[in-house]
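Each chain gets a letter, A, B and so on, in the order the sequences are listed, and its residues count up from 1.
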There are 2 protein chains.
Amino acid sequence: MQQRIKAVLRLREMILDGELAAGSRLSEPMLAELIQVSRTPVRVALVQLEHEGLLELLPGGGYRIRVFAEKDIFDAIELRGTYEGLCARYAAESGASALELERLAGHIAGIDEVLESDQLSEGDFLRYMEINQQLHDCVIDMAHSPMLAEAMNRIVTLPFASPSAFVLVHAEIPESRHVLTIAQHQHHSLYEAIADGEGSRAEAIAREHARSAKRNLQIVLRQQDAMDRVPGLQLIKRG
Amino acid sequence: MQQRIKAVLRLREMILDGELAAGSRLSEPMLAELIQVSRTPVRVALVQLEHEGLLELLPGGGYRIRVFAEKDIFDAIELRGTYEGLCARYAAESGASALELERLAGHIAGIDEVLESDQLSEGDFLRYMEINQQLHDCVIDMAHSPMLAEAMNRIVTLPFASPSAFVLVHAEIPESRHVLTIAQHQHHSLYEAIADGEGSRAEAIAREHARSAKRNLQIVLRQQDAMDRVPGLQLIKRG
DNA sequence: AACGGCATTTTTGTATACAGACTCGACCAG
DNA sequence: CTGGTCGAGTCTGTATACAAAAATGCCGTT
């Protein structure tokens, strides 16, 4: 593998997993030593992660691991929802093909299956997360807009959006089942809106879906020890 | 000035002004020679402009100046409008301060002044463009969300959004006066919605404002020779 | 004449050396 | 004891050297 890609992947991983202290300054020689590459690929990785929003460039030069305020994260989720709403609108208004609708329905049915379990296991959470990701990607694809798909990747990488974090979050909160059921209702509504070509409704549902995610995060953040257990949350400064 | 910044600014300028052929592959030694820096800052600039969306990374390595389809540009404008709409909503709902509203009103009044001229000169267009930029930045500031402000900068740099392009566009199309007047009406409506705290209305107006810009661009693109005269348009492949 | 393979030559990716800027700490003066 | 200043050490930014990969063009073959 190319050193440059190795550096980006490893550095991102180290930041999100908390191997590097949130807010700390990063020195190129240190990272080069940790990742076992020279300073050049490290430098490229730093530039890239700064654009992704995980690092900030210091005035005097050098980089620091960014610390997010709670509001930053909520705004980022709102933004993501707005953006997905636009994709949903495009998907509905561009006239989805039968094949695409079938794929979308397939993902939703997959989640229905997962939720049939009486007691949700860790594996169930992982599977939900996996299908959920595919479902959202599917809606983005259905917008048929390379520009929108690309812009999605430019939005700040949400620091807690890893599968393992998802599992931990849902394994911890008692409302988990309720929360996922509501989300799935929204998925069904979204499908109908897109299938019926109702752009405005599809957009509204996608945005509301993101607002639900915001509320869920709030529940998690209220638990005092969440930060210690959920990878990524250490990047959020408690308000 | 730092070489790294020099490289980014100069490279972006060369791309947008058409000094480098759209779609052409860029070699680092060539750029280093052109910009009069070594390959290292050139490389950083390439990474950065790829994230800005002006370059694309080739599979085998190396970069190429990106060529946009017309749809890409329209989608980017729609996206920008959606983001600005979200900012406008935040601005309205967070309760704008008297000082902020005054600043916003000031910008709008400035544009009113420009539009009072019987015949709009090139200077008038430039001044309109300048104030218009301040006005839009002002709305983004009023959202009080660093995250949204930052995301705005991550959206693809629109290849024709330079002041000189604006002047050329408006000097060429006969509908110019009409177009600017409509835009200014939207500015006034937006102010009222924000001042009244009507988030949904503010958002709708901002989005409609962007759709108007889309229509104006369509008018320009229909003129066969537009590409030759307006810097940046050579990056758009005619459909 | 067209196509494919091989050699040449450029280009990228990577490593490293060097100069200037900055940081941090120790030491000295008040 | 406190504050400032000086200096050693470290870091960033930049340039450049080197190897592997890719593109190019040429020649032979079909």
Tell me every residue that passes ring-ring contact (aromatic ring centres under 6.0 Å, His included) with B:Y128, counting only those two or more places apart in sequence or in another chain. B:F166

Ring pair (Phe, Tyr, Trp, His ring centres under 6.0 Å): pairs with one or both residues in residues 16-64 of chain B, sequence neighbours excluded: A:H51-B:H51

Give the minimum heavy-atom separation between [X] and [Y], together with the two atoms involved.
| X | Y | answer |
| --- | --- | --- |
| A:M142 | A:S94 | O-OG, 3.8 Å |
| A:L168 | A:P231 | CD1-CD, 3.6 Å |
| B:A88 | B:I194 | O-CG1, 4.2 Å |

side-chain contact (heavy atoms from CB on, under 4.5 Å) against A:H209, all qualifying residues, sequence neighbours excluded: A:H136, A:A183, A:Q186, A:H187

With B:R25, which residues qualify under side-chain contact (heavy atoms from CB on, under 4.5 Å), at least two apart? B:L58

Can you tabulate the close N/O pairs, meaning under 3.5 Å, that link protein atoms to atoms of nucleotides 18-21 of chain D?
none

Could you name each residue pair satisfying salt bridge (charged side-chain N to carboxylate O under 4.0 Å, His left out) that touches [range], not counting sequence neighbours?
| range | answer |
| --- | --- |
| residues 72-91 of chain B | B:K71-B:D75, B:E78-B:R211, B:E78-B:K214, B:R89-B:E93, B:R89-B:E203 |
| residues 141-161 of chain B | A:R66-B:E150, B:E150-B:R154 |
| residues 39-49 of chain B | B:E28-B:R39, B:E28-B:R43 |
| residues 124-135 of chain B | none |

Rounded to the nearest 0.5 Å, what's the gap from CG on B:D228 to CD on B:Q223? Could you check? 11.5 Å

A:R238 (side chain) donor-acceptor with A:L221 (main chain) under 3.5 angstrom: yes

Of A:S38 and A:R25, whose nearest nucleotide on DNA chain C comes first from the 5' end? A:S38

Its 5'-most and 3'-most nucleotides having an atom under 4.0 Å from a non-hydrogen atom of chain A, DNA chain C is contacted over C:dG13 to C:dA17

Of all of residues 26-37 of chain B, which get a heavy atom below 4.0 angstrom from DNA chain C, listed by number? B:L26, B:S27, B:E28, B:P29

Nearest whole Å is fine: how far is D:dT12 C1' from A:L58 CG? 12 Å

Return the value, rounded to whole Å, for the distance between atom CZ of B:R64 and atom P of D:dA23. 12 Å

With the criterion being N/O to N/O and under 3.5 Å, what pairs connect the protein with nucleotides 6-9 of chain D, and how long is each?
none

